[in-house]
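Here the structure comes first, spelled out in structure tokens, and everything after it is commentary.
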Number of protein chains: 2
Amino acid sequence: MRLPANVNWSFMTRPTHTNQSPLKELSLGAIVELLRANGMRITKNRMQILDTLLRASKPLSLDEIQRRARVAGDAPDYATVFRVMTLLESLQIAQKVHLNRPCSYYELVNPQQHYDHIICTECGRVTLMIDSCPVERVERKIGKQYGFSEIRHSLEFFGKCPECT
Amino acid sequence: MRLPANVNWSFMTRPTHTNQSPLKELSLGAIVELLRANGMRITKNRMQILDTLLRASKPLSLDEIQRRARVAGDAPDYATVFRVMTLLESLQIAQKVHLNRPCSYYELVNPQQHYDHIICTECGRVTLMIDSCPVERVERKIGKQYGFSEIRHSLEFFGKCPECT
DNA sequence: ATACATGCAAACATTTTGCTTTGGC
DNA sequence: GCCAAAGCAAAATGTTTGCATGTAT
């Protein structure tokens, strides 16, 4: 059952930067403050990427983030987008979402609100579930029953959306 | 909100082979029968891969499937493993599981039983949740509230397992 | 002035495909 | 014998890194 020990699994969720001050609300100001508090510099690229993520109504791929972060024909390098997203992920400001596609999609984590996704298997449209999360209660049960701690989850629904039916 | 129309999303879940007879139980016999019913040939490679998947107690990567399907020093080609898994996926006999790792992991779909996963963020160990699925009720709600049909879901929990705590 | 962030290019890992040969039916 | 499946090799895709240069602090 145990996977190979020589594999480094830590990159999955463990922050590479110790994040002492968790995000209080999902706003540009709060994020900038948190970056500063962690010794990160506020650059034009980072502002444009954060602005893009805040405007997005669905998870974005690195490619989409790069294209949307373009200002006056000037887009950040792909590697920069990658590094910024890796950074935001490690600070638990952003997270990956699994859409059953060959590349990764990212969204900002809203500490106030948890949303799960419904992905149309026909057109790929992503709908956010605004309902209260159906599994939060289960997380507590897992802690007790299986002895896990620091539990997070990833939940996606797939189906045919009304327009594709 | 709508994603680019020129993208082909269908590969995500839509079977490429029309599967007329859904699996009744998760056994080698039932799967072979289903393959035959869909005009697929029964080969040594396919038998070894199916046997591997049936024995597995956790989702396996293509690489792991190939290594485990080895019989007398003779392993199926990696491309063959890939094609067989794509086939099984399209017939909805197998499915991908997202473990937040750079490659895909597969498991057989048990029509009798649905299991969700708990993945340790430290050691990568995968635990199956044998409890009744916490979100089946939600699926019905999504049908009504959002108008989706043919709803499936993917649910993974992440946390520190007892031994890693 | 210093150290972090960036752009560019190259390396890497994984997935996917083309094509010829093999083998199930 | 026919056509699907397999093996091999190469291409395509997406992710990640090294290093020289730029820039926030």
Side-chain angles (χ1 to χ4, degrees), chain A residues 4 6-12 16-17 32-33 35-50 59-67 69-71 73-91 94 96-106, chain B residues 6-8 10-12 16-17 32-33 35-50 59-67 69-71 73-91 94 96-106:
Chain A
N6 59 326
V7 174
N8 179 8
W9 295 88
S10 62
F11 73 90
M12 291 203 301
T16 55
H17 299 82
V32 165
E33 194 184 326
L35 289 178
R36 281 230 165 80
N38 283 276
M40 308 291 135
R41 292 177 181 173
I42 308 307
T43 66
K44 183 162 141 266
N45 276 339
R46 288 177 177 179
M47 290 301 273
Q48 288 175 198
I49 289 170
L50 285 172
L60 302 176
S61 65
L62 291 178
D63 193 63
E64 289 171 325
I65 296 170
Q66 181 184 35
R67 275 187 276 114
R70 181 186 308 274
V71 167
D74 185 37
D77 190 78
Y78 190 88
T80 299
V81 177
F82 169 77
R83 284 191 268 231
V84 170
M85 291 316 298
T86 304
L87 172 70
L88 295 178
E89 206 185 357
S90 77
L91 288 172
K96 283 185 189 166
V97 181
H98 302 293
L99 304 184
N100 257 358
R101 306 233 49 223
C103 68
S104 299
Y105 286 75
Y106 294 85
Chain B
N6 59 325
V7 175
N8 180 8
S10 60
F11 73 90
M12 290 202 303
T16 54
H17 300 80
V32 165
E33 194 184 324
L35 289 177
R36 280 229 166 79
N38 282 275
M40 308 291 132
R41 291 176 183 174
I42 308 306
T43 66
K44 182 163 142 270
N45 276 338
R46 287 178 178 180
M47 290 302 272
Q48 288 175 199
I49 289 170
L50 285 172
L60 302 176
S61 66
L62 291 178
D63 193 62
E64 288 171 326
I65 296 170
Q66 181 185 36
R67 274 186 277 118
R70 181 186 308 272
V71 167
D74 186 37
D77 190 79
Y78 191 88
T80 300
V81 178
F82 170 77
R83 284 191 266 235
V84 170
M85 292 316 298
T86 304
L87 172 70
L88 295 179
E89 206 184 357
S90 76
L91 289 172
K96 283 185 189 164
V97 181
H98 302 295
L99 304 184
N100 258 358
R101 306 233 50 224
C103 68
S104 298
Y105 286 75
Y106 295 85

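None of these values were measured; they are calculated from a predicted model. Protein chains get the first letters and strands the later ones, always in sequence-line order, with residue 1 at the start of each.
Along DNA chain C, the nucleotide nearest A:Thr43 and the nucleotide nearest B:Arg36 are compared for position; the residue whose nucleotide lies closer to the 5' end is A:Thr43. For the pair A:Asp77 and B:Lys44, both in contact range of DNA chain D, the more 5′-proximal nearest nucleotide belongs to B:Lys44. Toward the 5' end of DNA chain C, the nearer of the two residues A:Arg46 and B:Cys103, judged by each one's closest nucleotide, is A:Arg46. Nucleotides of DNA chain D nearest to B:Pro76 and B:Gly39 differ in position, and the one nearer the 5' end is that of B:Gly39.
Here the P atom of nucleotide C:dT14 and the OH atom of B:Tyr106 are 13 Å apart, to the nearest Å. One interatomic measurement links the two molecules: CG of A:Leu91 to P of C:dA5, which rounds to 11 Å at whole-angstrom precision. What separates OH of B:Tyr78 from C1' of D:dA11 is a distance of 15 Å, to the nearest Å. Atom pair B:Ile49:CD1 and D:dA5:C1' shows a separation of 11 Å (rounding to whole Å applied). Protein atom CG of A:Leu35 is 15 Å distant from nucleotide atom C1' of D:dT25, rounded to whole Å. Distance B:Lys96 NZ to C:dT14 P: 14 Å, rounded to the nearest Å. Atom C1' of nucleotide D:dT23 and atom CD of A:Gln48 are separated by 15 Å, given to the nearest angstrom. Between B:Asn100 atom CG and D:dT15 atom C1' there is a gap of 15 Å when expressed in whole angstrom units.
The minimum heavy-atom distance linking A:Met85 with A:Tyr106 is given by the pair CE-CB, 3.5 Å. Pairing each heavy atom of A:Asp77 with each of A:Ala79, the nearest pair is OD2-N, 2.9 Å. Listed here is the closest heavy atom pair of A:Leu50 and A:Leu88: CD2-CD1, 3.8 Å.
Contact of the B:Asn100 side chain with the A:His98 side chain is registered, since non-hydrogen atoms from C-beta on lie closer than 4.5 Å. By the 4.5 Å heavy-atom criterion applied to side chains, B:Thr80 and B:Gln66 are not counted as neighbours.
Evaluation of atom-type donor-acceptor distances gives no pair under 3.5 Å for the side chain of B:Arg41 against the base of C:dC25. Between the side chain of B:Arg83 and the base of D:dG7 there is at least one donor-acceptor pair of N/O atoms closer than 3.5 Å.
At the phosphate of D:dA5, neither OP1 nor OP2 sits under 4.0 Å from any side-chain N or O atom of B:Thr80. Note on B:Asn45: a side-chain N or O is less than 4.0 Å away from OP1 or OP2 of D:dG7.
No side-chain donor-acceptor contact under 3.5 Å links A:Asn38 to the backbone of A:Met40. Although no hydrogens or angles enter the test, the distance criterion places no donor-acceptor pair under 3.5 Å between the side chain of A:Gln48 and the main chain of A:Arg70.
End-to-end axis angle of the helix from C:dA1-D:dT25 to C:dC25-D:dG1, using five pairs per end and rounding to 10°, comes to 40°.
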